[in-house]
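In what follows, every heavy atom counts, from backbone to side chain, and hydrogens, waters and symmetry copies are set aside. By convention in this document, chain letters (A, B, ...) are assigned in the order of the sequence lines, proteins followed by strands, and residues within each chain are numbered from 1.
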Amino acid sequence: MGITGLLLDIEHDGNEIKLYVKTSDGVKIVKDRYFPYFYAIPNGKENELMKKVKGKAKDIEKMEAVVDGDKKTVIKIAVEEPSKLSKVRDLIKEEFETREYDFSLTERYMIDKGITPMRVYEIKGEKDLKFKEIDKIIKIDALAFDIETYNPKGMPNPKEDPVIMVSYASKKEKGVLTWKKINADFVEYLENEEECLSKLEDISQRYDVIYTYNGDNFDIPYIKERRGKLRLGFEKENVKLRKSKQGHFAEIPGRPHVDVFRCVSFLEGIGAIRILRYTLEDVYKAVLGKEKIDVNTRELWKTWDNEKEDQMAELAMYSLQDSIATYELGEYVLPLFIELAKLTGKTLYHAVRISASHVVESVLIREAHKRKEIVPKKPNEEEVMRRIRQTIKGAYVKEPVPGLHENIAVLDFRSLYPSIIIAHNVDPFTLDKEKKCKDYYESPNGYRFCKDRIGLIPAVLKNLVTMRAKVKKEMKKYKRDSLEYKILNARQQSLKIAANATYGYLNFARARWYSKECAEAITAWGRYYVRKLIDEAEKAGFEVIYADTDSAFIKLGNKKKKDTLDFLDKFNSKLPEFMELELEGFYKRGIFVTRKMGRGAAKKRYALLSETGEMKITGLEFVRTDWSEIAKEVQRDVLRLVLEGKVEEAKEKVRKTIDMIRKGEIPLEKYVIYTQLKQNIAQYEAIGPHVRAAKRLLEAGHAIFPGMLIGYIVTKGGGNIGDRSYPFYPVNLLGSRRPDPDYYINNQLLPAVTKILAEIGIKKDDLKFGGKQSKLGKWF
DNA sequence: GCGAGCAGCGTACCT
DNA sequence: ACAGGTACGCTGCTCGCG
């Protein structure tokens, strides 16, 4: 007796656990019973502790466990009901230290059973279920949906404005539900809004997972507000809404809600993707390289009212494309979030709403349990504030040698911080404060880490790194477009995310395993190894022109590539196990620019030309959102021409662009400067141009909120720059105002290009008066 | 009264 | 709700000059 299937979701009601299992015969609910527990540390006063909880707890167990690195006697106290846990803890928490009292019941259940969501198990038993993992792939069927709303006042108001269209898309079906007649084969006409939403609920019942794009904050709360329910869950269970400072969250019981916008935000947070805006259109294009039709959503209600046949059909098509784009993006990101769920033990719903620090913490908690270690407490707010106040010394950045360089090799340490942690057993509880260990690693800043046992964090990292190597090897057996390859690729990505976030986690104020000393030791070792690399490279006869955190840029001079590889081998042979220096690449040329203020070259700003002719631009205006397109484009072109030695062409490019700006031949969009509004408008002490532009949006009746992107153009006229900054995005309020050529030439174009040209001896005046000066001179 | 110089604010980027 | 290192534009103040 038993069933085999994929653990899709889990929830609990009191002490009853509900497992949603996808079997070959659809999703089934399997129930179990589970009693929550926590730990108390008696510190010798066991009898007192026992007396206090006797009769109040369901079960009391004395056991040995590792507490903050030391073996101790702990008391495991189980209770009948989740709600009773805090009551029992209250009896003793003043006198005894208590631990692990704030774990979610379902997560604790899964930890104890050794299971995670999104894996396939054979499940046996009635009361105390037994799980056996099965190596099998069960495919997930997902449905994307999206709503269009009536919006005569700009933003739709769910109290008045109906949902006018519902679109959906999956692998096998797609369509639009609406309550006005539209002539298109993918549109289904229904009586009213209610019918459309109810039909969506019916359709959802055929799927395992729901995709939305910002469904957490828009689609689902909107529908809920309008009719008080949305029954997308298993057997039409109502969706659950939760509000917090980070917005709304919409959980669909038994049918994981994957809000693709949350997935994309996570990827942005870990630096996996970076784009200007995270609208569905922009993400669809940036991630999948596909375009979709765009309609003016502000005018959407007019289209609905006018009922013109072609416009209505276009609106329906737009709506459908939103669902298709959401579906395709969902399919693209799902494997990664499934792997993150498997790695962390979070449900898929939680995995797509997780932060990098939570990934690390979840993995540590699971591993701690395996090692019979009691998990440290979460810090209270006071402690968090104390931790935030104390900052530590970070990485080393070498000031670059300014100018144009030839034949550069870039060397970097593979996963520097994780490898330092593993190689030196860096862990909050191997840290030897009293200096009593015989065998230890000593960091350059004088912290000691005992060698007698492997710390939890280095052990976890070693595991992540070795598993990743194994997965990468396994990947080679499969074709790139196979399902197996995609899964393995997602798995190695999830392992990489967890490993890379570990150092940051140790220095994260809210971390359970926070350790300033560990973080300080890691960065100290980091600085030590990069400086060592610089020294050794110089000793070997290379000129080191730049270094940042884990890399060094070395000039070959009269040496050959072979010499670089020999140096690499020699250096690696002296490195501890698990640490490795890699060749990032060879570059034909590179340029480092002189700093605006003071002397010397700017750090973190340079361009490299690869051997295949590709240009890599780092830190310069070209990669910044808060510079106009016109300045960025010309900077890119000038960089390429300078790196290719085409100096005259570079000068000509600048002169020609100045000419075009003067003549007004540049499209308006290229003047836009995008800057994020980071705080509430009232909080600003210094009113910059983007704040001025935002204020103008507000005055014109548009919504302003922190986090929004403001695109503005500096126009002609008097006063300072802010006085002349008018919004262009999200709404163009320029009216008849035109961009100020002086500003765009002197404050945008020239600063972006003169610093590059200055490195090859060209001064600003050469651009003004050289060449075609007859036509240009008078403008300066 | 005015311009130069500069500190502080604010944002975005690199690793 | 990852942190530290960095550059740099804009605003608004101070200071010296006349």
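Contacts of A:G722 with the nucleic acid, taken as non-hydrogen atoms under 4.0 Å apart, involve only primed sugar atoms and P, OP1 or OP2. Heavy atoms of A:K393 sit under 4.0 angstrom from primed sugar atoms or phosphate atoms, though from no base atom. Residue contacts shown for A:N720 are limited to sugar-phosphate atoms, with no base heavy atom under 4.0 Å away. Here A:A395 lies in heavy-atom contact (under 4.0 Å) with sugar-phosphate atoms only. A:S551 comes within 4.0 angstrom of nothing in the nucleic acid, heavy atoms only. At the heavy-atom level, A:Y684 lies under 4.0 Å from the strands shown only through sugar-phosphate atoms. In this structure, A:F622 reaches neither bases nor backbone, as no heavy-atom distance under 4.0 Å exists between it and the strands shown. At the heavy-atom level, A:G504 lies under 4.0 Å from base atoms of the strands shown. Looking at heavy-atom distances under 4.0 Å, A:L416 makes no contact with the nucleic acid at all. Backbone-only engagement by A:V623 is indicated by non-hydrogen atom pairs under 4.0 Å involving sugar-phosphate atoms exclusively.
Ring centroids of A:F553 and A:Y606 are separated by less than 6.0 Å, placing the two rings close together.
Residue A:Y606 places none of its side-chain N or O atoms closer than 4.0 Å to OP1 or OP2 of B:dC13. The side chain of A:H358 places no N or O atom within less than 4.0 Å of a non-bridging phosphate oxygen (OP1 or OP2) of C:dA1. Side-chain nitrogen and oxygen atoms of A:K755 include at least one within less than 4.0 Å of the OP1 or OP2 phosphate oxygen of C:dC8. An OP1 or OP2 oxygen of B:dC14 is reached within less than 4.0 angstrom by a side-chain nitrogen or oxygen of A:R274. OP1 or OP2 of B:dT15 has not a single side-chain nitrogen or oxygen of A:N500 nearer than 4.0 Å. Here A:Y514 does not reach the OP1 or OP2 of C:dA3: none of its side-chain N or O atoms lies under 4.0 Å away. Listed pair A:S357 / C:dC2 meets the phosphate criterion, a side-chain N or O lying under 4.0 Å from OP1 or OP2.
Ion pairing between a basic and an acidic side chain is recognised when a charged N comes within 4.0 Å of a carboxylate O; A:E584 and A:K616 show such pairing. Under a 4.0 Å N-O distance rule, the pair A:K346/A:E107 qualifies as a salt bridge. With respect to A:K755 and A:E759, no salt bridge is recorded, no charged nitrogen being found less than 4.0 Å from a carboxylate O.
Atom NZ of A:K532 sits in a sparse spot, with 12 or fewer heavy atoms from other residues, nucleotides or ligands closer than 6.0 Å. For A:K462, the NZ atom sits in a loose shell: 12 or fewer heavy atoms of surrounding residues, nucleotides or ligands are nearer than 6.0 Å.
The separation between A:E268 atom CD and B:dA12 atom C1' is 12 Å, rounded to whole Å. We find that CZ of A:R605 is positioned 13 Å from P of B:dT15, with the value rounded to whole Å. With rounding to whole Å, A:I270 atom CD1 is found 11 Å from C:dC2 atom P. The interatomic distance linking A:Y712 (OH) with C:dG9 (P) rounds to 12 Å, in whole Å. One can place CE of A:M385 at 11 Å from C1' of C:dA1, the figure rounded to the nearest angstrom. Rounded to an integer number of Å, the gap from CZ of A:F413 to P of B:dC14 is 22 Å. With rounding to whole Å, A:Q390 atom CD is found 10 Å from C:dG4 atom P. In this structure, A:Y503 atom OH and C:dC2 atom C1' are separated by 9 Å, rounded to whole Å.
Under the ring-ring contact (aromatic ring centres under 6.0 Å, His included) criterion, A:F337 pairs with A:F266, not counting sequence neighbours. Remark: A:T549 pairs with A:A395, A:Y417 by the side-chain contact (heavy atoms from CB on, under 4.5 Å) rule, at least two apart or across chains.
Taking a 4.0 Å limit (strictly below) on heavy-atom distances, residues 625-637 of chain A reaches DNA chain B at A:T625, A:D626. For the contact set between residues 668-682 of chain A and DNA chain B, defined by any heavy atom under 4.0 Å, the members are A:T675, A:Q676, A:K678, A:Q679.
Comparing atom distances between the A:K603 side chain and each of C:dT6, C:dA3, B:dC14 picks out C:dT6 as nearest. Listed nucleotides: B:dG10, C:dG9, B:dT15. Nearest to the side chain of A:D550: B:dT15. Here the side chain of A:V397 is nearest to one of C:dT6, C:dA1, C:dG4, namely C:dT6. Comparing B:dC14, C:dG4, B:dG10 by their nearest atom to the side chain of A:D548 picks out B:dC14.
Shortest non-hydrogen contact noted between A:S415 and A:P418 is O-CD, 3.3 Å.
Note that the OG1 atom of A:T523 and the CD1 atom of A:I420 stand 8.5 Å from one another [nearest 0.5 Å].
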Any protein N or O atoms within reach of nucleotides 2-8 of chain B? Criterion: under 3.5 Å, listing atom names and distances.
none

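When each of A:H257, A:E251, A:Q246 is tested with A:R353 by the rule side chain to side chain donor-acceptor pair (under 3.5 Å), just one qualifies, namely A:H257.
Remark: side-chain polar atoms of A:Q635 are paired, donor with acceptor, to backbone N or O of A:A752 under 3.5 angstrom.
The residue among A:R692 and A:A356 whose nearest nucleotide of DNA chain C lies closer to the 5′ end is A:A356.
Going from the P atom of C:dA1 to that of B:dT11 covers 16 Å, rounded to whole Å.
Among residues at least two apart or in separate chains, salt bridge (Lys or Arg N to Asp or Glu O under 4.0 Å) pairs with a member in residues 265-278 of chain A are A:R277-A:D282.
Considering only heavy atoms from C-beta on, A:L336 comes within 4.5 Å of A:S494 through its side chain.
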